[in-house]
Amino acid sequence: MEIYLYIALFAPLVGSLIAGIFGASKKLLFTGIVTSSLLALSFFSSIVLLVHLLGGGDEIHVEMMTWIAAGELYIPFGFLVDEISATMMMVVTLVSTLVHIYSIGYMKHDAGFNRFFSYLSAFVFSMMVLVMSDNFAGLFIGWEGVGLCSWLLIGFWYKKDIATWSANEAFIMNRIADLGMLIGIFLIYWNTGSLQYDTVFAAAPSLDETILVLIALFLFIGAMGKSAQFPLHTWLADAMEGPTPVSALIHAATMVTAGVYLVVRAHPIYELTPDVSYFIACVGAFVAIFAASMALVNRDIKRIIAYSTLSQLGYMFVAAGLGAYWVALFHLMAHAFFKALLFLGAGNVMHAMRDELDPYKMGGLFKVMKYTAILMIIASVALAGIFPLAGFFSKDKILEVAFGSENYILWGVLWVSAGLTAFYSFRLIMLTFFSDSRYKKLGFDPHEAYPYMLWAMAPLALLAIIAGWFEHQFVEFVTQALPMFTFNVADVVWMLIVVTTLIALGGIALAIWTYRDGPLDPKWERNPIHKLLINEYYIPAAYERCISRPYRELSAFFWKEVDLKVVDYTVDLIASMVYGSGKKTHTMQNGNLSSMLGWVAAGAVLLLLAVIFSSGIQVAG
Amino acid sequence: MFEYILSILIFFPALAAILGLALNKDSIKAYGIVVSAIEFLLALMLWYAYDAGVTGMQFVESVAIVEAFGVHYLVGVDGISLFIIILAAFFTLIGIASLPEMKNIKNLIITLLFMQMTMVGVFAALDVILFYIFWELSLVPMLYIIGAWGGPRRVYASVKFFLYTFAGSMFLLVGILYMGYAYHDATGIWSFSLLDWYESATLPFNVQLWLFGAFFLGFAVKVPMFPFHTWLPYAHGEAPTIGSVILAAILLKMGTYAFVRFSLPLFPDASYYFMVPIAIISIIMIVYTAMVAYAQKDVKQVVAYSSISHMGVIILGTFALNVEGISGAVFLMIAHGVVSGALFLLVGVIYERRHTKLMSEFGGLATVMPYYATIFGVFMLASVGMPLTINFVGEFLCLLGFYEQSHTLTLLAGLAIIVGAIYMLAAFKKLFFGEVTNEKNRNLPDVTKTELVALLPLVVITIWLGVYPKPVLGPIDNSVKPLVQMMHDRAITPEAQAAIASPLVPKEAR
C-alpha cells in the first residue's frame, strides 16, 4: 500500500518538473498530456488507498526521512493516510485531474501553456503534502507551497498589472495568517515537545486550558487566511484575475478549503476548546451571509462565484465550529464538485465571450452554449441546495446541525444565506444564459467549448448530482477518524427541510422573475445599499487607505527621514566632531618646547589627581 | 594527514596571492580560479575529515607567538565554524569564476585571495588575539575593493566602512585585553586562548556586563545591528558585485559568529541580562529595515537592507539561549550567506547589462530573460522563507527557539515573514512583471554560461539544504549542545541558570 501513497504524492511533482523543463519553450501539447496522465495516476492511487480503507484496512503511516532535527525538535517527512486524508486526497486528485484535462483546451492558445501545467501540477503536489502530512510542520510546507503556487497562478498573466498586484495581495494576506499558524506551531512544540499529530493530540487533554485556547485560536488565524475568512477575505475575489481553471481548482475546490481541513484535522484540540469553536462557528455564519450579500449585485461572473465560495466556506466553518466535523468535510467534498463545475462553466462563457466577465453584456447564451448552460444550471441547483442534488444533503445538514444544537441565531443567519445563495446563483444564470441576447449589439460571436472540455466537466456534474446520496456511507467511513456528531432533530427534521427548501426555491423564483427581462433598471444602482454592496462594504478601499498607504508612507519616512537624516546623520556628526576636535587641538603639538612642556605638566597633574581620587574611592569602598 | 589542514586553508591563498603578483593580467583569472578551486577542495576535505560525532574542537594547532603573554597561533574548528569556512571558500571560488572583464583585474584577484586568508583565519582562530588580528586585517582588502573598484562615491563609502567598523573594534580590543588581564588575575598565568577562557571561572556579574558591552560594540557594528547599520547601504551601494557578495555572504557573519563564539559562553549572565533589549533591537532590525527596504528605488539597496533584516533574525535566534535557537542562527548564517550572495550576484547580472540598478529602469524582464527571472524567483522565495528552501530551516528554528523565552517578542519578530514578503514581492514585480516599457531592455541577453556556473550551484544548495538540512544542521547541532551546556554551567546568577536550560536534561524533566 505504501507504494500507492508515494505514487499519489509524487506523481504530480514529477509532472510539474517535466512540464517545468519546457517552461520557457514554445507550447507543447505533450506537457499538458503528461501532467494530466500523471494526475490520473495519482487519482487512481488515491482511489486504491480509499478502497483499502473502506475495506477496513489500517491507516497507512510512513516516515520517509528526517527533515529538521535540532535540539529536541524532530520533524520528519512523514505521511499519513487515514479516513480524513483519504477523503481529501480523493477530492483533490479527482478535481485536479479534470481541471488539467479541461485546461488543455482552455489554455490552448496561451504562450505560457507549459509553464501553466508546471505550476498547476506543483500546486497539486503541495496540496497533497498539506493533506497527507502526519505533522504540523509538514502541513505548513504544503500550506506555504499552495500559497506559492496560488501566487504563481493568480499572477500567471504577469504582463497584466492587476494580475500581479492581486497575486502579491493574496500572498501577503496569507502570510499575515501564516504568522498566526506559525505561532500556533511554536506553542504546540513548547508545550507538547512534538509536532506529530498523534503525540500532540494525545497530549492535548493534559494541557493547560489557556494554552489550548491560544493554540486553537492561532491555528484558526492560519485557517482564516487560506480560507479567506473575514477580515482576511479580500484577496479571494481579487484572485479571480488568474486563469479560470485555477479559480476552479485552487480558489474554489481545494486550497481555500485547507482552513476547514486544518480545523477538522485538529479536532481533538477544538473539542477541548468549546469557546474557540463557537467563535469559529460565528465567524463562519457571519461570512456566509456577508459574502452572499456581496454576490447579489456584482457584475463579474467570476467574482460572483468567488463570493459564493466564501459564503460556502463560512457554512463549513459553522459545521466544524459546532463540532460536526464530518458534516464540514461532507460539504467540503460536495462543494468541491459543484463549485469547480460552476467555475469551469464560467470559463467556457469567458472563452466564448473573449474574456468578457460582465453578465450585463451577455444574455441569451443558452441558444449557443446549451451544454455549458445545462452544466452550470446543474451546479447552481446543487449550490442552492435543491433535492436531490449534492448541496441539498450537505448544506441542509449544516442547517440541521445549527438548529439541533440550539444555535437558532446561527441557523437563522444560514437560512437567510441559503435564500441569498439561491438568488444570486440564478441571477447569474438568468443574466448569462436567458433573456435577450445583449451580446449581439456588442459584436461578440460566442461559441460552445471543445467537446473534451465539456467531457471533463461531465464527471463533476454527475457528482454534483449524486454525491449526496452516499451520505450514509460517508458518515460511516469518516467517523472512524472523526467523532460522531449527535443531535436530535428527528421531530422537526421534515419541517426544517421544507423551510429550507422553500427559501431556496423562493430565491430561485425571485431571481428568475426579477431578471426575466435582463438587467434591472440602472436607477437601482444609485441605491445606497447597492453602492455599499458593489463596493464590497468599502473594505478594500479602507484597507488601502488605512493599511497599505500608511505602510508605504511610513516606509518612505523611515528611509528618508529616520535612516538618512537621523541615524546616519548622527554617525557622520560624530565623525566630523572627531575630525573637528583634531583640528582644534593640533596646536598642542606646535613644536614649541615651552608650550608642549606646559601640556605635559598639566597632563601629569590630571593623571595624578585621577590616581589619588580613584585610590581614595577604593579605600573608602 | 589532516593535522595542518587548517593552516594550509588559511595561508595557501595568501601565499598564492603573493606568487600571483608575478603573473600577467591575462592569465590571472585562470590562476585565481585554480587557486580558489584548490582551496575549496581543501575545505571540502576538511568537512570530509571532520568527525561529526565528536564534540569539541578538531584539527587544533597551537604555536606560541608571544610566550610571555600567552599569545598563541591557536586554530581549530567545530560544527559552528566549519560550514562558514566552507562557505567562504565556495564564495571566493564562484566570485572569481564569475568576474566580468574589468580594469586592474589582477589586483582584484590578488586582493580576493588575500581576503580569503583573513576570512578563514577569523573563523578558525581560537586565540583571541589571533582572532582580533584576522578580524582587523579583513577590513583592509574590503576597503581596497570598495575604494578602487566602487561607484562614484566609493571613497566616502569605503572610508565610512573602515572607520566605523574600526571604531567598533577598538572597544572589542579593550574588552579582550581586560579579559586577558582578568584571566591573569585569577590564575596567575597569561593566556588569550579561548579554550582556556572557557575553562576559567565566570567573571562577576557587573564585570560581565561591562565586557559584554565592549564586545557587543565591536560585533554589533559588523553585523550590522540597528542603529549601527548605516555604513552597510553605502558600502553595498558603491561596492562592485564581487565586493557585495563577499561582504554579505561572509563578512557580516563574522559579527554573528563572534556573538556565538565569545559573548554567549564567556558572559552567560550578561547575555541573559541583555536578552530582552537585544531582542528588541532585533525586532527593530527586522521590521524597520524591511520597511526601509520596501521604500528603496535601487534593487541593490533592497537586497542590502534585506540583509540587515535577516541578520536581525539571526541575532534573535542567537539570544534564544537554547539549542534550537542557536543552531537555527548558525544555520541561518549559512543560509543567508548563500541566498544574499546569490541575490547580489543576480543584481550584478543586470547591472552588467544596463549599468543601472534603478528598478524603474526595468520591468517586464520575465519576458526577455525567463531563465534569469526563474533563478531570481528561486532566491526571492528563499529570501522570504519558503519551506523547502534553505532559509526557512534557519528562520523557523530561530523563531521557534526564541519562543521559549518570550511569546510576545517572537510574535513581533515573526512579522519578518510578512514584511519580508512585502518588499521582495514588490521588487520582483517591478523588475520582472508587466510589459517591457523601456526599449533598452527589449533585447537583453538571458543569463550567460559564466553566470550560470556561479548561480546554478547556489540554486542546488538552496533547495538541497532546504529539503535535507541534516548534513549541515547535524554537526552544527552537535556543537551547539555543548555550547549551551557550557553556558548553563558557567552561569552564576540564578535567573540565567534557570533560563539557560541544560540540553542534557530532557524537556519533560524540567
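The sequence lines fix the lettering, A, B, ..., with proteins before strands; numbering per chain opens at 1. Since this is a predicted model, take the numbers as computed values, not measurements.
- The pair A:E544-A:R549 fails the salt-bridge criterion, with no side-chain N (NZ, NE, NH1 or NH2) lying under 4.0 Å from an Asp/Glu carboxylate O.
- With a 4.5 Å cut-off on non-hydrogen atoms, B:A426 touches chain A through its backbone but not through its side chain.
- Contact annotation for A:R115: neither backbone nor side-chain heavy atoms come within less than 4.5 Å of a heavy atom of chain B.
- Between B:D477 and B:K470, no side-chain nitrogen of the basic residue sits less than 4.0 Å from a carboxylate oxygen of the acidic one, so the salt-bridge criterion is not met.
- Using a 4.5 Å cut-off between heavy atoms, B:F331 does not touch chain A at all.
- Residues A:W190 and B:E324 meet the side-chain proximity criterion, which asks for heavy atoms closer than 4.5 Å.
- Interface remark: of the candidates A:D572, A:L554, A:T66, A:I75, A:D572 forms the most heavy-atom pairs closer than 4.5 Å to chain B.
- With a 4.5 angstrom heavy-atom cutoff, B:P469 touches chain A via backbone and side-chain atoms both.
- Looking at B:V436, neither its backbone nor its side chain comes within 4.5 Å of chain A, counting heavy atoms on both sides.
- In this structure, the portion of B:L397 lying under 4.5 Å from any heavy atom of chain A is its side chain and not its backbone.
- Between chain A and the residues B:F432, B:Y234, B:F228, the most heavy-atom pairs under 4.5 angstrom are made by B:Y234.
- In summary, the side chains of A:Q196 and A:Y74 do not present any donor paired with an acceptor at a separation below 3.5 Å, with no hydrogens or angles considered.
- For a residue to count as touching a neighbouring chain, one of its non-hydrogen atoms must lie under 4.5 Å from one of that chain's; by this rule B:Y156 touches chain A with the side chain only.
- No other option in B:V323, B:T410, B:V292 has as many heavy-atom pairs under 4.5 Å with chain A as B:V292.
- Contacts of B:I326 with chain A are absent, with no heavy-atom separation under 4.5 Å from either backbone or side chain.
- Taking chain A as the reference chain and counting heavy-atom pairs below 4.5 Å, the highest number among B:N322, B:V480, B:I418 is found for B:I418.
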